[in-house]
Amino acid sequence: MDYIPHGREDIRQMLEALEISSVDDLYPDIPGKIRAGGYGIAGGISEQEVRGTLEKFAGMNASVRTLKSYAGGGAYEHFIPAIIDDICSKPEFYTAYTPYQPEASQGILQSIYEYQSMICELTGTDVSNASLYDGATAAAEAALISVNKYDGGVVAVSSAVNPMYRRVIETYLRSSPCRVEIVEHTEGVTDISRIGKHLSGKLVSFIFQSPNFFGCIEDVKSLSDCIHDKGALSIAVANPLSLGVLEAPGRNGADIVVGEGQPLGIPLCFGGPYLGFIGVKKELMRKLPGRIIGRTLDKDGKEGFVMTLQAREQHIRREKATSNICSNQALMALRAAVYMAYMGKEGMKKVGALNICNSHYLAEQIEKTGKAALKFRKPFFNEFVVEFKKDTAEVLRLFEKEKILPGIQVGEAGRNSLLCCVTETKTKGDMDKYADVVSKL
Amino acid sequence: MDYIPHGREDIRQMLEALEISSVDDLYPDIPGKIRAGGYGIAGGISEQEVRGTLEKFAGMNASVRTLKSYAGGGAYEHFIPAIIDDICSKPEFYTAYTPYQPEASQGILQSIYEYQSMICELTGTDVSNASLYDGATAAAEAALISVNKYDGGVVAVSSAVNPMYRRVIETYLRSSPCRVEIVEHTEGVTDISRIGKHLSGKLVSFIFQSPNFFGCIEDVKSLSDCIHDKGALSIAVANPLSLGVLEAPGRNGADIVVGEGQPLGIPLCFGGPYLGFIGVKKELMRKLPGRIIGRTLDKDGKEGFVMTLQAREQHIRREKATSNICSNQALMALRAAVYMAYMGKEGMKKVGALNICNSHYLAEQIEKTGKAALKFRKPFFNEFVVEFKKDTAEVLRLFEKEKILPGIQVGEAGRNSLLCCVTETKTKGDMDKYADVVSKL
Amino acid sequence: MKRTGLIFEKSVKGRKAFSLPAPFAEAKNPADYIPAGFLRSSFEFPEISELDIVRHYTNLASKNFSVDGNFYPLGSCTMKYNPKINEQICAYEGFRDVHPLFPCEKVQGYMSLLKKMERLLCSITGMDEFCLHPSAGAHGELLGLMLIRAFHDKNGDGRKKIIVPDSSHGTNPSSAAMAGYRIISIKSDAGGQIDLKELKNALDGEVAALMMTNPNTLGLFEDKILEIAGMVHEKGALLYYDGANLNPLLGLCRPGDMGFDVVHLNLHKTFATPHGGGGPGSGPVGVKKRLEPFLPVPVIRKKGDNLKFDFDCPDSIGMIKAFWGNTGVILKAFAYITALGDEGLKKTGEISVLNANYLRKKLGEHYNIPFNRACMHEFVISVKDLASKGIHAIDIAKALIDRGIHPPTVYFPMIVEESIMVEPTETESKSTLDCFIDEMVQIHKEAGKNPGSLKNAPVNMGVRRLDELRAAKFPDVKWDFKTQNLE
Amino acid sequence: MKRTGLIFEKSVKGRKAFSLPAPFAEAKNPADYIPAGFLRSSFEFPEISELDIVRHYTNLASKNFSVDGNFYPLGSCTMKYNPKINEQICAYEGFRDVHPLFPCEKVQGYMSLLKKMERLLCSITGMDEFCLHPSAGAHGELLGLMLIRAFHDKNGDGRKKIIVPDSSHGTNPSSAAMAGYRIISIKSDAGGQIDLKELKNALDGEVAALMMTNPNTLGLFEDKILEIAGMVHEKGALLYYDGANLNPLLGLCRPGDMGFDVVHLNLHKTFATPHGGGGPGSGPVGVKKRLEPFLPVPVIRKKGDNLKFDFDCPDSIGMIKAFWGNTGVILKAFAYITALGDEGLKKTGEISVLNANYLRKKLGEHYNIPFNRACMHEFVISVKDLASKGIHAIDIAKALIDRGIHPPTVYFPMIVEESIMVEPTETESKSTLDCFIDEMVQIHKEAGKNPGSLKNAPVNMGVRRLDELRAAKFPDVKWDFKTQNLE
Ligand SMILES: Cc1ncc(COP(=O)(O)O)c(C=O)c1O
Ligand SMILES: Cc1ncc(COP(=O)(O)O)c(C=O)c1O
């Protein structure tokens, strides 16, 4: 199978126009030595067979429909309103590309302008962009904003930040003049007293996450005040779904707010494609990575949208660009935009509240069993660390029988612990069942 | 949950404009006696819960993906190209209605004009319409075309016609001046020698099916010649998917060709919505039921499409209309149109050939086992009747273990028989497996 | 907007889109199995690539108004929002890929859903039993009238007439005729309702039933319904309810309680399933107990642990379609009712009435509304008074098209001259209604100042007004593959 | 086309679209659990109904060109047809609803698919190992350069420079800079290819790698590639392949065989996954054996019966994103390769070249094509000669928009003045190409006769040419919820 429209006659006519007898005549310059044989890829199979083949792979995976899942840790099972798939499967959106020609791309441009606006409002920042690859790279890009090429210094990261994010930040900054250093948490939250201490150089920025990797809510305001006192930038990693209920980090002093947009209507899909979002204070606008959409006027003075501030970008500035980002995650930004519009003011509050109330309900029920306890006694959003009295392997085995995944194992949380996430997708019945299994340990 | 946009303030403003204090004030005329209480329908549940509820129902059904199925008998499992779902899920098509306003409906109108054209070409007829409810009602509407209100006579139907179709024809004609009478088949095909014999009145039309209910291909030409000799209309029920390979009934003398369009890219969906198609000779054009789309010119002489010959229809002619059809199955006609365009000239031939070759291969393999034999020795398309040496119940039990449904039980085919359908969806491996199970009987 | 061109004009010899498995090695050819005389002699069909097909339909779609793109206040059609979740549900493998002849015990999900749906519709209408088979409203009407005929026949009562009001929908008389009845049309009274005197005169022992809809097609509630039911029943006739207009009655009152004996519903109107550019619909029929024996087969009955299809109903009228209904449509309506529940249904009815009255009030300040009192889900404007300016209902309609609004129904019901029938539905926001009002007011002004501009509309659609007379006079209803030309 | 209005302007207090389960009876409030100081003080967000949201986006979609609606010969972007089947596959529950942290033994379908995909890409490129993590081409470049750095570092070889040709894509120098390198740009020769003398001069012991793409951004095959590879390797440097232009090489030749050490591919170009209005993409990176130890973690390895994620790779550069790649995109590319097989891939490459050359030939009769010889998948026109009429590449682009065609890439590559870079791809039919040729020829005529009309374009799009300078000078990049106004 292929997707080539030409009939034999088409090809004949085209070769004739080119005055050649076969396509091969178009390759005179390619050294014979490197002409390939076949790849050994069987196939040329039909659509029906492709479907059959891929169904088999899919059938070998558990899904959150076959396995009741309390897994979180950076990717979250949430309700995805049907209108998101409907709107985002419009080919006018998904088969277009970067809106280089604004007059032929007003649909995408306006939708991203609206996305940027909602991200700014949600995070309490002034400027956002058209998306980054994911939450982890967004955190790394934020770190890069804080780094001055000629100065060096330290980017400090709380140990309560998702360990994958920490690794990505480290990788991204390896060739910068700055070092990345870790500041240990205390009792599941960042220890303010340690900020700026024991560092090998001047603090240029401090990165923390709230709700953090353990689910605990950080004191963003005190952290940011302390960071600013040291003359550094406050960089917050946030869960956007929490921000209808929790204060916007930007309003609590964070200079840059980044995070993973996946909770905003994006399927789990085994880890991607997701959505890195970023919002910054006005002063940092010209340091932003990636595309930014702006509003302007046309020849007749009519409103319209364009990519703007392109002088920051690789296609104009090449090696002097703020980042190398070219393709981004625009379709995922569209999903998030539709999600935010659909949830709206009340929905964002309610879905946040459901996450808080469900997760705390389950935490209470678990503790009541006496067979497990919360590891950290701090306010949390929709995740918490449970410490079981029994071995984790045994815990998992018992839950397995009920087709439940009770959480994920995370080294950072210590032995016999699981990081357990509860969202609006869980009913009271689900949670009571969970506690019931725990009580049987 | 509801789909009502109004906020409290909207409602207040609207009531104020109406100078009333509640919607109830708009119902002064409704006798109190008939004011309803609640219906007792629990609910007002959220989208997420609706999904959960319906997933449970769906989970209680076998599907052709969980049960390897050889069921046919009027509904067929075929390959459905992905572009059909893509195109037909465009809201511009599916959330529109009957194109009463042609200037705002050129998309639908043109697509149906194209559908009509392809149905005419496929069936060998001159005029088609924008669809009927399904194959069975299309057959009944065809019978009604042949009936003259004031004359009476007999509409004869071959006993090799799908029994459900026969029942629908009977029901539709019960209040007509004509009687419906059955002409028995011989060895699985319509017995030409019986046409016009032993009838209680003058033959006005004869209805047969090819490939017929038993899968056998009828001799359309001889049948039509014979029917015409009796001065009656020849009405053929056809499987559209066979017509890339089998001669078009209209070219073999059928005056009306009807059938079920479901094989043309329409999901099984437990029996509906499907697609009744109809094609007739030019002389019968003004007797057609339903909508017909025609091409015309606009004020500036530019091509455009409209509903035409509306003088046949209920909204103009009321009780004198050719039929009461108002809503039809337009979206299914669109599916069929996309299917036909996608298959095209070569694809229609190839898919027909695959059905013939697969079904004959399986028939051969079954006979080779010595445990079963074909009941009728006639050319067939993709269905045939197998007579087992063992009891059907036992046969079904053995297949059940392998998650195979080997065919459907049909009274018309006699004891120990199954009607078995094989389409392009079956691989050689599937069919060999089938024969293997038979050999173990 | 450019001419899209017919798909056939894009066909080029040798191109293809389809993809099919290769025949297996041992496979023979059709000619090895089928006598040559049965094989197709010649065959012309499009030859187009997949991308070119996709572009063709993308282009066609862009030439269509739709609920998702436009306000669509098409009276009598209830063009409400079609929830996206229902489209998703219908695509579940356990619904979509199920053969209708699978053994009943393998499809208990469907069986119980259909059974529950029958019960839900009984609750909503106040009827005793429901049949989900009919494919559309008109199909339901036909079934309903067949049931009425079977009922009278069983009683040895060969009644020959059906009464319909002159305001009735065209399918009513047409369905009655198909069921073999003679149609008696009665005039409406000065209030736009059934004229009791006319009815009384028409009601003789030959009348099998009175067909009506309530609210009627003027959007008015027939407030003498109990009296009418009494009159009809007294004469041994039955009362038929055309349920296309049920939307405003949701949670308010039930046809069963008004005395109706047979009811059909349009799931594709009241219950939010999409209209599909003309269909598919679903037109279930509800009956009172005494009509139950005549319902089409199969009926769903409990047998042992399972629900089964029962074909054994001696008094049944038979079958009215292959299989058991437009299941895919029923499914969506079921999901809709489940989502709404009592409360949502009631609110739906209420707001459909509020929206209609709001429009009636505001438009009544500019347009003539012949029966201008509290309406239900719709109301009817007459622009007869604009005739002096040469402006007709059709001109208003075309002017709305240029403004991005799908026109209301025009020239129906036939009892109002130059009628414009507006049904906003409950899913339209006040903002949309206000925008419609603005446009209508502007058009009214235009009719006074510059009627030529309305006669000229539409101008923004790629095609101007289309010549329907020409279409009927010189029917061109298909492409000719042989001449490669339009007929 | 009317102004759609911002979604915020459609917001009305009290309206809503969302639907969420009601909290259960015993449920408390957030305030019962979370200290008041952490709770949000004020919050403004849209308040709009579901139907109004649907209409908003339906309207926006209609203002967008797309592959499904328009010919889109955007050079360097490979805007080919995106098969619909792949979208369906990606929506399977067993792919879509799978958490990335499910235990490996529960997701063996994914694990083996990803592993197979690595092998397929190795076959196609001639590399030894592949990493699927990068989210886009530029992300792949960054990873590739990090690997190069790790390789040299491990050898104690602190090289500081990367050479790029002046025709290279902007992401190349920019990625190299992000990886901490100094960029040495070298001029192309008179034939538009890498100038071996320039290269030789630039190649010193400080050079870590030469980044290039082949065919280059002029669409020309770098025929001295083996010589170049020899020169680079001789100096201890590595050769980097920007695989955005792999499409024409499918089935023809492999970067691995040309001597490249590191390769990134753009699955969203060559392998037909949709571009999504800007993304998501996927930019896997392939390496020769000696670079394998540095690949990011986790890598997929067989352990016992199962494939597992292995994080234990001491020389690994670490992680470059959370989790393991844009799986949903990889899936589609996998389905595409599976469908095509060797034969389909080869034909894809061939026809992409044939289509480009056909256009080059036909357009070359009217336009100036600076390097007018057999090209690969794309070629570059220069309209420098139209400058005398005041016509620039941008004017041609805007004129195409009015004709329903998405413009080619303009002003890239930078080494051609007033460049127009045309890449038709193999999925476009000859009919479409001929139609494009016609329009381009007409535009060329227009440039001579009536240049003003081109300068005025577009006029059919609802907006005229937009003022980008103004946008950059007075940045208005978000709606202000407080003032309810545009910034
Ligand atoms: C009042 C009324 N009755 C009956 C019908 C017929 O319904 P259907 O189109 O589903 O056959 C309609 C549909 O327009 C209607 O409005
Ligand atoms: C030659 C070339 N290299 C690299 C890239 C960057 O790829 P991406 O946009 O996926 O980051 C592109 C994309 O436009 C390209 O054309």
Side-chain angles (χ1 to χ4, degrees), chain B residues 2 5 10 14 23 26 29 34 38-39 43-44 50 54 57-58 60-63 71 87 90-92 95-98 103-104 106-108 117 133 136 164 167 171 175 267 269-273 294-296 298-299 304 308 314-315 318-319 321 324 327-331 345 347 356-357 428, chain C residues 18 24 27 30 45 57 60-61 63-68 89 92 94 96-100 106 109 123 135-136 138 170 173-175 177 180 183 223 253 257 275-281 318-319 322-323 326-328 339 341-344 350 358 374 429-430 461 463-464 466 471 476 478-479:
Chain B
D2 58 56
D10 289 322
M14 293 171 79
V23 180
L26 293 166
D29 301 338
I34 57 168
Y39 302 136
V50 171
L54 273 293
F57 284 103
M60 289 161 64
N61 297 324
S63 84
I87 289 169
K90 288 185 187 294
E92 290 81 358
T95 76
Y97 199 17
T98 306
E103 299 85 0
Q106 286 299 298
I108 282 188
S117 302
Y133 302 140
M164 287 195 289
R167 294 198 75 163
T171 310
S175 54
C269 207
F270 203 52
R295 178 181 167 266
T296 187
D298 78 356
K299 241 177 162 169
T308 193
Q314 47 76 26
H315 63 289
R318 300 176 71 86
E319 61 264 33
N324 67 338
S327 291
N328 52 27
Q329 304 281 114
L331 193 65
K345 185 171 168 170
I356 290 173
C357 297
K428 180 167 178 300
Chain C
F18 79 90
F24 52 90
F45 234 44
Y57 286 105
L60 286 186
K63 297 185 174 183
N64 238 54
F65 278 20
S66 64
V67 171
D68 275 14
I89 285 169
Y92 291 167
R96 181 187 161 107
D97 298 332
V98 181
H99 194 285
K106 296 214 176 298
S123 301
S135 305
S174 152
S175 300
I183 282 70
D223 51 353
C253 50
D257 299 337
H275 287 70
M319 292 187 87
F323 310 115
N326 278 346
T327 340
D342 268 13
E343 213 179 301
E350 276 179 13
Y358 179 71
S429 65
K430 179 168 176 294
M461 296 304 297
V463 285
R464 307 283 304 282
L466 288 156
D476 167 359
K478 74 166 219 278
W479 164 266

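In this text the structure is predicted, and so the values were computed from the model without any measurement. Below, all heavy atoms of this structure are taken into account, side chains as well, without hydrogens, waters or symmetry copies.
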S.K.: Could you have a look at C:A61, C:G278, C:S175 and say which one has the most heavy-atom pairs with chain B under 4.5 angstrom?
M.R.: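 Top option by heavy-atom pairs under 4.5 Å: C:G278.
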S.K.: May I ask you to name which of C:G180, C:S135, C:A374 has the most heavy-atom pairs under 4.5 Å with chain B?
M.R.: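 Sorted descending by pairs with chain B, the first entry is C:S135.
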S.K.: Looking at chain B, which one of C:I183, C:D223, C:V98 has the largest number of heavy-atom pairs inside 4.5 Å, strictly under?
M.R.: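 Heavy-atom pairs under 4.5 Å are most numerous for C:V98.
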S.K.: Quick one: salt bridge (Lys or Arg N to Asp or Glu O under 4.0 Å) partners of B:D29, sequence neighbours excluded?
M.R.: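 Counting only residues at least two positions away or on another chain, B:D29 forms a salt bridge (Lys or Arg N to Asp or Glu O under 4.0 Å) with C:R373.
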S.K.: As an exercise: rank C:G277, C:G328, C:G94 by heavy-atom pairs under 4.5 Å with chain B and give me the winner.
M.R.: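 Going by pairs under 4.5 Å, I would pick C:G277.
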S.K.: Under the rule for salt bridge (Lys or Arg N to Asp or Glu O under 4.0 Å), what residues qualify as partners of B:D298, not counting sequence neighbours?
M.R.: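 B:D298 satisfies salt bridge (Lys or Arg N to Asp or Glu O under 4.0 Å) with no other residue.
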S.K.: Of the backbone (N, CA, C, O) and the side chain (C-beta and beyond), which part of C:Y358 lies under 4.5 Å from a heavy atom of chain B, both, or neither?
M.R.: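 Its backbone and side chain both get close to chain B.
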S.K.: Go through the atoms of C:Y57 and report whether side chain, backbone, both or neither lie under 4.5 Å from a heavy atom of chain B.
M.R.: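 Both backbone and side chain of C:Y57 come within 4.5 Å of chain B.
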S.K.: Considering only heavy atoms and a distance below 4.5 Å, find which of C:S429, C:A471, C:G281 pairs most often with chain B.
M.R.: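 The option with the most such pairs is C:A471.
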S.K.: Does any backbone or side-chain atom of B:I87 lie under 4.5 Å from a heavy atom of chain C? Answer side chain, backbone, both or neither.
M.R.: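 Answer is side chain: those atoms of B:I87 sit under 4.5 Å from chain C.
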S.K.: Hey, is the main chain of B:Y39 close enough, under 3.5 Å, to the side chain of C:D342 for a donor-acceptor pair?
M.R.: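 Side chain of C:D342 to backbone of B:Y39, a donor-acceptor pair under 3.5 Å: yes, one is there.
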S.K.: With a 4.5 angstrom heavy-atom cut-off, is it the side chain or the backbone of C:E343 that approaches chain B, or both, or neither?
M.R.: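 Nothing of C:E343, per the 4.5 Å heavy-atom cut-off to chain B.
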S.K.: Of the listed residues (C:G318, C:A27, C:S123), which shares the most heavy-atom pairs with chain B below a 4.5 Å separation?
M.R.: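 The answer is C:S123.
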